[in-house]
Amino acid sequence: GMFYYCKYLTELNLSNFNTQNVTNMNGMFYYCASLTELNLSNFNTKNVTNMNRMFYDCGALTSLNVSNFNTQNVTDMSGMFHGCESLTSLNLSNFNTQNVTNMYEMFLKCKSLIKLNLLNFNTQNVTNMSHMFESCKSLKRKNIITEDENILNIIENLYLKKNPNI
């Protein structure tokens, strides 16, 4: 990834970053552990197919706006927000996930996450959703906004057994 393991980087201005031809954002901000804010408002992601571990262990990020992301061609979102332990909410209602096949550990260790909007998630082609919400200690079932049957089943079958308060 481009900013892979920039663990002391605290801020990054990418407002004039041209990403229109980028297809692979795998590990782009991997372990940017001190990054507190990130402006991705001008990111063009329409050609991206891989967002695996894109924000992996960005533990200091308190907010992340990805509302402009075009995810129609993305197939891999595994570990995308893994370890974003300071995020309290994440609105992914604009995400088009119809071509995604891998959501393994997508939100693993997002321990401060209180609200998660997955309203337009379509997981019909996803083959791996293991540990998707593992260690999301603050996330309650009622604050996961979704109509996707697979996500609802994960919440019901896996997490109600472990934590009846989710």
Side-chain angles (χ1 to χ4, degrees), residues 1-9 12 14 19 22-38 40 43 45 47-118 120-139 143-146 148 150-151 153-155 157-159 162-163 166:
M2 182 171 269
F3 302 101
Y4 185 91
Y5 218 81
C6 290
K7 64 181 181 178
Y8 300 113
L9 189 67
L12 190 57
L14 299 173
T19 57
V22 177
T23 58
N24 189 348
M25 291 189 173
N26 182 352
M28 191 169 199
F29 303 102
Y30 186 102
Y31 200 62
C32 289
S34 303
L35 201 59
T36 55
E37 49 184 90
L38 190 55
L40 304 175
F43 259 43
T45 60
N47 292 314
V48 177
T49 59
N50 189 345
M51 290 186 172
N52 173 298
R53 297 181 177 177
M54 188 171 177
F55 304 103
Y56 190 98
D57 278 348
C58 289
L61 274 181
T62 53
S63 66
L64 183 62
N65 184 348
V66 289
S67 62
N68 61 307
F69 274 32
N70 178 338
T71 59
Q72 68 184 20
N73 294 311
V74 178
T75 58
D76 191 352
M77 289 185 174
S78 59
M80 188 171 179
F81 303 101
H82 178 292
C84 290
E85 54 188 43
S86 297
L87 284 181
T88 55
S89 68
L90 199 50
N91 185 347
L92 306 179
S93 62
N94 61 304
F95 271 36
N96 177 341
T97 61
Q98 68 183 19
N99 291 312
V100 178
T101 58
N102 192 353
M103 290 185 174
Y104 175 76
E105 295 185 352
M106 189 169 178
F107 305 103
L108 185 98
K109 295 183 183 174
C110 289
K111 66 181 184 182
S112 300
L113 203 57
I114 295 167
K115 188 171 185 176
L116 186 58
N117 189 332
L118 308 176
N120 288 321
F121 264 48
N122 174 346
T123 62
Q124 67 183 13
N125 294 313
V126 178
T127 56
N128 190 350
M129 295 173 81
S130 300
H131 310 290
M132 191 169 173
F133 302 105
E134 189 84 28
S135 299
C136 292
K137 298 173 183 174
S138 303
L139 191 60
N143 293 330
I144 301 173
I145 302 164
T146 188
D148 184 87
N150 292 325
I151 293 173
N153 286 336
I154 286 175
I155 295 163
N157 295 330
L158 297 176
Y159 296 95
K162 289 183 185 176
N163 180 1
I166 195 164

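Bear in mind the structure is a predicted one, so any value in this text is a computation, not a measurement. Just so you know, these numbers use all the heavy atoms, side chains as well, and skip hydrogens, waters and symmetry mates.
When every heavy atom of Leu113 is checked against every heavy atom of Leu116, the shortest pair comes out as CD2-CD1, 4.0 Å. Taking every heavy atom of both residues into account, Lys115 and Leu139 meet most closely at N-CD1, 4.0 Å. Residues Asn99 and Gln72 come closest through the heavy atom pair ND2-O, 2.6 Å. The two residues Phe107 and Cys136 come nearest to each other via the heavy atoms O-SG, 3.1 Å.
Checked by atom type and distance alone, the side chain of Thr101 pairs as donor or acceptor with a backbone atom of Thr75 at under 3.5 Å.
Between the CD1 atom of Ile154 and the NE2 atom of His131 there is a distance of 11.0 Å, given to the nearest 0.5 Å. Put simply, CE on Met80 and CG on Asn102 are 12.5 Å apart, with the number rounded to the nearest 0.5 Å. Between Met129 atom CE and Met132 atom CE the span is 4.5 Å, to the nearest 0.5 Å. A distance of 6.0 Å separates CG of Leu61 from CG of Leu87, quoted to the nearest 0.5 Å. The CE atom of Met77 sits 10.5 Å away from the CG atom of Asn50 when rounded to the nearest 0.5 Å. The OH atom of Tyr56 lies 6.5 Å from the CD atom of Glu105; values are rounded to the nearest 0.5 Å.
For Thr146 and Asp148, the side-chain atoms include no donor-acceptor pair closer than 3.5 Å.
Proximity of Phe133 to Ile151: side-chain heavy atoms (C-beta onward) are separated by under 4.5 Å at one or more points. Contact annotation: the side chain of Leu14 approaches that of Phe3 to within less than 4.5 Å [non-hydrogen atoms, C-beta and beyond]. A heavy-atom distance below 4.5 Å is not found between the side chains of Phe55 and Leu90. Contact of the Val22 side chain with the Phe43 side chain is not registered, since no non-hydrogen atoms from C-beta on lie closer than 4.5 Å. Inter-residue side-chain proximity for Lys109 and Asp57 is flagged as unmet; no heavy-atom pair is nearer than 4.5 Å.
Counting only residues at least two apart or on different chains, the side-chain hydrogen bond (donor to acceptor under 3.5 Å, both in side chains) pairs with a member in residues 80-97 are Asn91-Ser93.
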Item to check | Verdict with reasoning, Thr49 to Asn73, per side chain to side chain donor-acceptor pair (under 3.5 Å) | outcome: CA-CA 5 Å; Thr49 59; Asn73 294 311; over 6 Å; no
Identify all side-chain donor-acceptor contacts of residues 23-37 below 3.5 Å with residues at least two apart in sequence or on another chain.
from, atom 1, to, atom 2, distance (Å)
Asn24, OD1, Asn26, N, 2.8
Ser34, OG, Lys7, O, 2.6
Thr36, OG1, Thr10, O, 3.4

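Classification of the Phe121-Phe95 ring pair by plane angle, with boundaries at 30° and 60°, yields parallel.
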